[in-house]
Amino acid sequence: MLLGAETSQFINMRLTEYGYFLNLSKDLVTGLHSSVSSLWESILATHTATSEPGSVEWLVHPGGKAILDVFKEQTPPLTDHDLRHSLTVMREKGNMVSATLVFVLELMMEEHSKSRACLVGPGPGIELKFLSIYKVV
């Protein structure tokens, strides 16, 4: 899901002598909310078997509380339980940029709950990627 050219300055990362500096604009959440809201029914139909959010595990990149709140404000919403892996990683480790999703995935795999999950994370440029994944035993 491309968030639009107007969002190109919402996420800035630059390399400094101390490491990477990441800046998330306060406008990122507004752009993300309107984009997700307009496509939420389609997202659910594509990535859940029943169009019910609780039918799959949700592995959302925890870029911050406001970003996770975007998914809690949809209809039907994701709950704290749906976002538990993302919330745990955000609380315990923070935003580690791309690697953050690996830690969220690890928590889901340790739990051994549902066999289907939807992984949500940033893509190249200002995009949001949704990926259905399945556990194979």
Side-chain angles (χ1 to χ4, degrees):
M1 169 188 341
L2 188 59
L3 299 185
E6 72 280 0
T7 66
S8 65
Q9 296 303 309
F10 287 2
I11 301 174
N12 290 304
M13 185 170 23
R14 68 186 193 306
L15 182 60
T16 70
E17 62 185 87
Y18 303 106
Y20 285 103
F21 174 78
L22 177 67
N23 181 43
L24 302 178
S25 166
K26 62 181 169 64
D27 298 325
L28 173 65
V29 173
T30 303
L32 183 62
H33 193 281
S34 63
S35 296
V36 171
S37 293
S38 67
L39 296 171
W40 188 239
E41 287 183 22
S42 173
I43 293 165
L44 289 177
T46 302
H47 297 285
T48 70
T50 64
S51 293
E52 290 296 323
S55 67
V56 300
E57 292 291 347
W58 288 90
L59 310 172
V60 179
H61 186 286
K65 181 186 179 308
I67 292 173
L68 294 177
D69 285 347
V70 165
F71 294 90
K72 293 164 73 173
E73 296 166 357
Q74 302 306 313
T75 304
L78 296 185
T79 65
D80 281 346
H81 180 75
D82 294 327
L83 295 168
R84 67 193 176 282
H85 307 304
S86 300
L87 290 165
T88 298
V89 170
M90 184 176 67
R91 182 179 59 253
E92 294 178 0
K93 302 192 183 302
N95 184 354
M96 300 169 285
V97 195
S98 299
T100 310
L101 274 172
V102 175
F103 290 87
V104 176
L105 179 61
E106 179 183 42
L107 287 179
M108 188 226 31
M109 292 174 68
E110 288 173 357
E111 190 176 274
H112 301 294
S113 55
K114 298 175 181 143
S115 62
R116 187 172 177 161
C118 181
L119 187 134
V120 183
I126 307 300
E127 287 187 300
L128 197 61
K129 297 288 189 179
F130 292 81
L131 175 69
S132 292
I133 58 177
Y134 303 87
K135 275 193 221 175
V136 179
V137 260

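Hydrogens, waters and symmetry mates play no part in the numbers below; they use all other heavy atoms, side chains included.
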| query | If we only count heavy atoms from C-beta on, is the S35 to L39 side-chain gap below 4.5 Å? | reply | no
| To which residues is V102 joined in a hydrophobic cluster, defined by side-chain heavy-atom contacts under 4.5 Å among Ile, Leu, Val, Met, Phe, Trp and Tyr, whether direct or through other members? | none
| Residue pairs passing the side chain to side chain donor-acceptor pair (under 3.5 Å) test where at least one lies in residues 58-72, sequence neighbours excluded | K65-D69, K72-D80
| How would you list, by chain and number, every residue that makes a side-chain contact (heavy atoms from CB on, under 4.5 Å) with P77, sequence neighbours excluded? | none
| task | Just jot down the side-chain contact (heavy atoms from CB on, under 4.5 Å) partners of V70, sequence neighbours excluded, or say none. | result | V29, L32, H33, V36, Q74
| remark: Applying side-chain contact (heavy atoms from CB on, under 4.5 Å) to T79 and not counting sequence neighbours gives H81, D82
| query | What residues form a side chain to side chain donor-acceptor pair (under 3.5 Å) with S132, not counting sequence neighbours? | reply | H47
| Quick one: salt bridge (Lys or Arg N to Asp or Glu O under 4.0 Å) partners of R84, sequence neighbours excluded? | E57, E111
| field | Residue pair P53 / L78: nearest heavy atoms and the distance that separates them | value | CB-CD2, 3.4 Å
| Whichever hydrophobic residues join L107 through chains of side-chain contacts under 4.5 Å | L59, V89, M96, L101, F103, V104, L105, M108, M109, L119, L131, I133
| said: Rounded at 0.5 Å granularity, tell me how far CD1 in I43 sits from CZ in F71. | reply: 7.0 Å
| field | Counterpart residues, side chain to side chain donor-acceptor pair (under 3.5 Å), relative to S55 (two or more places apart) | value | T50
| task | Check S86 against P62 and note the closest heavy-atom contact, atom names and distance. | result | O-CB, 3.4 Å
| Would you say S34's side chain and G31's backbone share a donor-acceptor pair under 3.5 angstrom? | yes
| With E41 via salt bridge (Lys or Arg N to Asp or Glu O under 4.0 Å) - residues at least two apart | none
| message | Applying salt bridge (Lys or Arg N to Asp or Glu O under 4.0 Å) as the test, list every pair that has at least one member in residues 90-108; sequence neighbours left out. | response | none
| Shortest non-hydrogen contact from G94 to T100? | O-CG2, 3.9 Å
| Shared-cluster residues of Y18, by chain and number - hydrophobic side chains joined below 4.5 Å | none
| field | Residue from N95, L68, V60 passing side-chain contact (heavy atoms from CB on, under 4.5 Å) with M90 | value | L68
| query | Are V97 and Y20 connected, step by step, through hydrophobic side chains (Ile, Leu, Val, Met, Phe, Trp, Tyr) whose heavy atoms are closer than 4.5 Å? | reply | yes
